[in-house]
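Everything below concerns the one structure shown next.
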Amino acid sequence: MSLTENLSRIKERIAAAAERAGRNPEQITLVAVSKTKSADMVRQALAAGQLEFGENYLQEAAAKIALLAGACRWHCIGHIQSNKARLAAEIFDVVETIDRLKIARALERHLGAMDKIMPVYIQVNIGREPQKAGVMPEDAAALAREVAACAHLRLSGLMAIPPHTLEAEKSRGYFRGLRELAAELSHTLRLGDNLGLSMGMSGDFETAIEEGATLVRVGTAIFGGR
Ligand SMILES: *Cc1c(COP(=O)(O)O)cnc(C)c1O
């Protein structure tokens, strides 16, 4: 199938999952994860109407973003080292991987100097996996409070990557856990708006939508295997 067909198939599946959950499909943003894929493939997706893209690696992202400047919105979905915070602040439109105070402060400082406001998500290690990035669930409130106090960071929600599985149903409990954590934080931090939920990838985005995802990150099912 062509990239354009893949995209429209994914959008249909998003709409169907939203409908099953009694939700409005327009509440769900599809981020096309283009890591390892060429700028030309991103152009094809753009031509098919896709406007939000996700990248993991800073150098790779910088090169693609330079080629496609201004045409779309770029989400950082990979780990950020603090010495790369300035570059991340410069090139991305959304950062989904705030997982420690140090990176929040570094981004805030660089964004301040650029006079730029960045929507951000806090990455939560929802499966408590030692090798995975993300703040532990019990530490999310403290980090969220600090982020919410940063003038140039706009706290938009929580992001998580549940433990790898080939069965989407096994991710459901983690997705639900992230939703419950977001509800708790919205309440305790008295955030006016509900926090968004960035969760779900090629193998499990429908389950994530059933559990409340407002943003899904889909790579392989759009661009093919890596
Ligand atoms: C690579 C990646 C994705 C996309 O994964 P697919 O299984 O290819 O859809 C989503 N989120 C993150 C954080 C990723 O690193």
Side-chain angles (χ1 to χ4, degrees), residues 1-14 17 28-39 41-42 44-45 48 50-62 64-65 72-81 84 88 91-100 103 119-129 131-135 140 156-172 174-175 177-178 182 196-226:
M1 266 202 301
S2 73
L3 204 159
T4 307
E5 286 169 326
N6 288 347
L7 257 175
S8 56
R9 180 74 60 91
I10 296 293
K11 283 189 209 148
E12 282 166 18
R13 287 171 60 189
I14 288 172
I28 298 145
T29 301
L30 170 63
V31 170
V33 176
S34 48
K35 64 174 171 225
T36 79
K37 302 298 177 180
S38 65
M41 289 185 88
V42 174
Q44 286 178 44
Q50 178 62 29
L51 292 175
E52 313 258 345
F53 294 87
E55 287 282 340
N56 292 60
Y57 312 107
L58 272 280
Q59 303 303 334
E60 181 193 341
K64 264 180 242 179
I65 294 169
C72 39
R73 277 164 61 79
W74 295 91
H75 295 239
C76 175
I77 61 168
H79 186 69
I80 305 176
Q81 293 168 293
K84 302 278 174 58
I91 66 175
F92 286 110
D93 301 291
V94 181
V95 171
E96 299 198 20
T97 49
I98 305 280
D99 62 354
R100 59 204 191 281
I103 204 69
V120 298
Y121 289 70
I122 289 177
Q123 183 175 0
V124 180
N125 189 346
I126 198 70
R128 300 173 172 280
E129 295 171 278
Q131 79 284 9
K132 229 174 225 174
V135 65
S156 302
L158 303 183
M159 178 273 217
I161 311 164
H164 180 70
T165 171
L166 296 175
E167 289 171 62
E169 204 49 44
K170 289 196 173 147
S171 300
R172 186 181 296 279
Y174 296 107
F175 293 146
L178 195 71
L197 293 169
S198 171
M199 55 189 198
M201 320 203 304
S202 291
D204 56 13
F205 67 89
E206 288 149 310
T207 310
I209 288 167
E210 288 166 11
E211 295 300 331
T214 57
L215 185 158
V216 293
R217 309 175 309 267
V218 179
T220 315
I222 295 172
F223 294 106
R226 288 183 294 270

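Read the numbers this way: they start at 1 and go in the same order the structure lists the ligands and their atoms.
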Check ligand 1 for close polar pairs with the protein: N or O on both sides, less than 3.5 Å.
residue, atom, partner, partner atom, Å
ligand 1, 8 (O), T220, N, 2.8
ligand 1, 8 (O), T220, OG1, 2.4
ligand 1, 8 (O), R226, NH1, 2.8
ligand 1, 8 (O), R226, NH2, 3.1
ligand 1, 9 (O), S202, N, 3.0
ligand 1, 9 (O), S202, OG, 2.5
ligand 1, 9 (O), G219, N, 2.8
ligand 1, 11 (N), R217, NE, 2.8
ligand 1, 15 (O), K35, NZ, 2.7
ligand 1, 15 (O), N56, ND2, 2.7

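- Using a 4.0 Å cut-off between charged nitrogen and carboxylate oxygen, K64 and E60 count as a salt-bridge pair.
- A salt bridge is defined here as a Lys NZ or Arg NE, NH1 or NH2 lying under 4.0 Å from an Asp or Glu carboxylate O, and R13 with E206 meets this definition.
- Centroid-to-centroid, the aromatic rings of F92 and W74 stay 6.0 Å apart or farther.
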For L197 and E211: C-alpha separation, side-chain torsions, deciding distance, then whether side-chain contact (heavy atoms from CB on, under 4.5 Å) applies.
CA-CA 10 Å; L197 293 169; E211 295 300 331; over 6 Å; no

N56 vs V33, side-chain contact (heavy atoms from CB on, under 4.5 Å): CA-CA, chis, key distance, verdict:
CA-CA 8 Å; N56 292 60; V33 176; 4.2 Å; yes

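- Residues I80 and I103 come closest through the heavy atom pair O-CD1, 3.5 Å.
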